[in-house]
Peer 1: 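Quick one: the structure is below, and I'll ask about it shortly.
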There are 2 protein chains.
Amino acid sequence: MNPFDAVRSPEALATVPVCDRCGSRIAGLCQPLDSAALDEVSSESQQTSLTAHSMVFREGDPAGRIFTLVEGFAKLTRLLPDGKQQVVGFRFAGDVIGYTTLPTYPFDAELLTDSRICRLERGQLDALLRRYPVLERRMLDLCVQELTATQEQLVTVGRRSAEARVAAFLLSLVEASRRRGKPCTVLEMPMTRADIADFLGLTLETVSRSLTAFRKRGWIREPVHHRVEMVNLRAVSDLAEGLS
Amino acid sequence: MNPFDAVRSPEALATVPVCDRCGSRIAGLCQPLDSAALDEVSSESQQTSLTAHSMVFREGDPAGRIFTLVEGFAKLTRLLPDGKQQVVGFRFAGDVIGYTTLPTYPFDAELLTDSRICRLERGQLDALLRRYPVLERRMLDLCVQELTATQEQLVTVGRRSAEARVAAFLLSLVEASRRRGKPCTVLEMPMTRADIADFLGLTLETVSRSLTAFRKRGWIREPVHHRVEMVNLRAVSDLAEGLS
DNA sequence: AGACCGCCTTGAACCCGTTCGACGCCGTCC
DNA sequence: GGACGGCGTCGAACGGGTTCAAGGCGGTCT
């Protein structure tokens, strides 16, 4: 155990072990913090459990809080005036949700599964950022990562064929799982066909047809609902690259 | 004039006036700096002029430098294995180009016009960020802005019809011009139809047809090559919103 | 059990944007 | 001047993905 543990308050003892297993500690905002700083962050933040389909926040809500997804899956969506929605991203354990410089959140954040989230008031975050410059640096790094991923997604949606988009989506799930330290061929995929379609700029029928095609070619399996097994990762990534 | 000017070195006197008119000072990284800090930044950075079609850097180059576009226009592109390119964004006077946490640049940066750029070695930037926390904050803000714009672009490419995408593109030009403090109905548009098409996930023919359609409807004019006049901004933004 | 509902799958027809081809315009290079 | 190449425009045919429609499967509620 960490040598700092001995001097922690009982309160901290209760909260920190939770933090140690949090995705944020592994790949997210809290990764660069030492134990003392982690204590402070964790004592200022509020952990809550929420059920699937809860809204963490809505597009247009005042952006007064920042969230970390401790466990679970979420989707971020923007609504178009004509009613169609675009999924701008999915979020996994450890990811930060809702950091923006805008006065209001620019998208909806909806949980796809029962989840645990960690909540911080905006003012508290700003104070922490001032106190621990390493946190601000970390925010910037995460933001740049996010920007790169979104640009990648732009390429996917803008230039790839339907099947190549679905293949690229599967690869992004593999990558997200790897980043969380679980390199595994069987992946959680809690999003519906419609969610995936809205992410890829396709219809749910096309997504369904593509996944069926992959299954028939023996590239993937779906042992149970909302779980994919990547059988032939190479074939999928070749298709995503357009080498078809 | 600024009271700090009196104590400046002759060298600073030569460089700072340039900075004061730089786009970065108005809308970019240097915006929050006081005169003393601006002196330091400007003395560490190298200004150069480059001609149209120069590459600022290429995808895969070691990301050792950060650039600010002082004057001019640039496009950022990613190349797909099959040879197609996706324009991931355009950059205008004042914008930062090439900041990444990755070891290499994730896209090409090519100038569309003769431009002036301001160059900073990565190590110098890191030192400045440590010295002036306000700069790090500013980087984060710019990154979040950029992320929001890219997500907006994702919606455009993913869910809008061809004409709506072109309309949205025109609006983004208006917005970029406004941000640089030049709210004007006649805009520079140095990119070719092919560039626009690659940005919007369309072909150049479709872009050409859409712009022709807008012209025939009297929504825009193109008085000279590479310049658009927004005659009926309302009609364009209604189309972009999908209210057609 | 039966009815209902959300989600997924599959088929067939259609349509929007692409592809392919041709041409015009303009600037540059022999 | 003439040839060439980059860029933009336009028409006709094609095709990938959408739209529309029907049906299946697995839950949950009554």
Side-chain angles (χ1 to χ4, degrees), chain A residues 51-53 73 75 80 82-87 110 112-114 156-169 189-217 220-228 239 242 244, chain B residues 51-53 75 80 82-87 110 112-113 156-169 189-217 220-228 239 242 244:
Chain A
T51 59
H53 310 296
F73 296 82
K75 67 171 176 182
L80 287 172
D82 63 2
K84 282 186 282 191
Q85 76 168 357
Q86 171 78 30
V87 174
E110 179 184 338
L112 295 171
T113 60
D114 294 349
T156 298
V157 171
R159 298 270 79 144
R160 290 197 234 249
S161 70
E163 283 198 359
R165 292 186 213 185
V166 176
F169 167 71
M189 189 171 73
M191 45 295 272
T192 66
R193 305 300 196 228
D195 290 334
I196 300 171
D198 283 337
F199 184 52
L200 297 175
L202 297 169
T203 60
L204 68 148
E205 291 92 335
T206 303
V207 171
S208 180
R209 280 187 252 270
S210 299
L211 287 173
T212 303
F214 294 173
R215 238 184 291 117
K216 286 184 176 163
R217 289 173 211 157
I220 62 169
R221 268 199 291 260
E222 296 189 87
V224 295
H225 205 49
H226 287 167
R227 192 163 297 175
V228 241
L239 177 57
S244 58
Chain B
T51 58
H53 310 297
K75 67 171 176 181
L80 287 172
D82 64 2
K84 282 186 282 192
Q85 76 168 358
Q86 172 78 32
V87 173
E110 180 184 339
L112 295 171
T113 60
T156 297
V157 170
R159 297 270 81 140
R160 291 196 233 250
S161 70
E163 282 199 359
R165 293 187 213 185
V166 177
F169 167 72
M189 189 171 72
M191 45 295 273
T192 65
R193 307 299 198 227
D195 290 334
I196 301 171
D198 283 336
F199 185 53
L200 298 174
L202 297 169
T203 61
L204 69 156
E205 288 92 338
T206 304
V207 172
S208 181
R209 279 188 251 270
S210 300
L211 288 173
T212 302
F214 294 173
R215 237 184 292 118
K216 285 185 176 162
R217 289 172 212 158
I220 63 170
R221 266 200 292 260
E222 295 189 88
V224 294
H225 204 48
H226 288 167
R227 191 164 297 173
V228 241
L239 177 56
S244 58

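Every chain is numbered from 1, with letters handed out A, B, ... down the list of sequences.
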Peer 1: How many whole angstroms separate atom NE2 of A:His225 from atom C1' of D:dG27?
Peer 2: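 Taking atom C1' of D:dG27 as the reference, NE2 of A:His225 is at 10 Å.
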
Peer 1: Treating B:Arg160 as the side-chain partner and B:Arg165 as the backbone partner, does any N or O pair qualify as donor plus acceptor under 3.5 Å?
Peer 2: no

Peer 1: At less than 4.0 Å, is any side-chain N or O atom of A:Thr212 found next to OP1 or OP2 of C:dT10? Yes or no.
Peer 2: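 Affirmative; the distance criterion is met.
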
Peer 1: Whole Å only: how far is the CG atom of A:Leu200 from the P atom of D:dT18?
Peer 2: 10 Å

Peer 1: Any N or O donor-acceptor pair linking the side chain of A:Glu205 to the base of D:dC20 at under 3.5 Å?
Peer 2: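 Donor-acceptor pair under 3.5 Å: yes.
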
Peer 1: Just checking B:Arg215: base, sugar-phosphate only, or nothing, at a heavy-atom cut-off of under 4.0 Å?
Peer 2: sugar-phosphate

Peer 1: Rounded to whole Å, how long is the line connecting atom CD of B:Glu222 with atom P of D:dC7?
Peer 2: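 Computing the B:Glu222:CD to D:dC7:P distance gives 15 Å.
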
Peer 1: Tell me the interatomic distance from A:Arg227, atom CZ, to C:dC8, atom C1', rounded to whole angstroms.
Peer 2: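 So the CZ-C1' distance, A:Arg227 to C:dC8, works out to 18 Å.
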
Peer 1: Any donor-acceptor pair under 3.5 Å between the side chain of A:Arg165 and the base of D:dG17?
Peer 2: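 Check fails, no donor-acceptor contact within cut-off.
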
Peer 1: Scan B:Thr206 against the nucleic acid and name what it touches under 4.0 Å (heavy atoms): base, sugar-phosphate only, or nothing.
Peer 2: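 If one applies the 4.0 Å heavy-atom cut-off, B:Thr206 turns out to touch a base.
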
Peer 1: Does some side-chain heavy atom of B:His226 sit less than 4.5 Å from a side-chain heavy atom of B:Leu112?
Peer 2: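 The answer is no, as the side chains (C-beta and beyond) never meet within the 4.5 Å cut-off.
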
Peer 1: Above 12 or not: heavy atoms from other molecules or residues under 6.0 Å from CZ of A:Arg217?
Peer 2: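 Buried by this count: over 12 neighbours within 6.0 Å.
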
Peer 1: Please determine if B:Lys84 and B:Asp198 form a salt bridge, counting it only when a charged side-chain N lies under 4.0 Å from a carboxylate O.
Peer 2: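 The answer is no: the pair does not qualify as a salt bridge.
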
Peer 1: Round to a whole Å and report the spacing from NE2 of B:His226 to C1' of C:dG27.
Peer 2: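 My rounded result for the distance is 13 Å.
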
Peer 1: Without decimals, in angstroms, what is the distance between A:Leu204 CG and D:dA21 P?
Peer 2: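 To the nearest whole Å, that distance equals 15 Å.
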
Peer 1: Can you say whether a donor on the side chain of B:Arg209 sits under 3.5 Å from an acceptor on the base of C:dT19, or the other way round?
Peer 2: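 Answer is yes: a donor-acceptor pair is held.
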
Peer 1: Atom CG of B:Leu211 to atom C1' of D:dC7: distance rounded to whole Å?
Peer 2: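 So the two atoms are 13 Å apart, to the nearest Å.
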
Peer 1: Around atom CZ of A:Arg215, are there more than 12 heavy atoms from other residues, nucleotides or ligands closer than 6.0 Å?
Peer 2: yes

Peer 1: Quick one: label B:Leu202 by what it contacts on the DNA or RNA (base, sugar-phosphate, nothing), any heavy atom closer than 4.0 Å.
Peer 2: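 Sugar-phosphate contact only.
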
Peer 1: Any donor-acceptor pair under 3.5 Å between the side chain of B:Arg193 and the base of D:dG6?
Peer 2: no

Peer 1: Less than 4.0 angstrom between a side-chain N/O of B:Ser208 and OP1 or OP2 of D:dG8, yes or no?
Peer 2: no

Peer 1: In whole Å, what is the span from the CE atom of B:Met191 to the C1' atom of D:dG6?
Peer 2: 18 Å

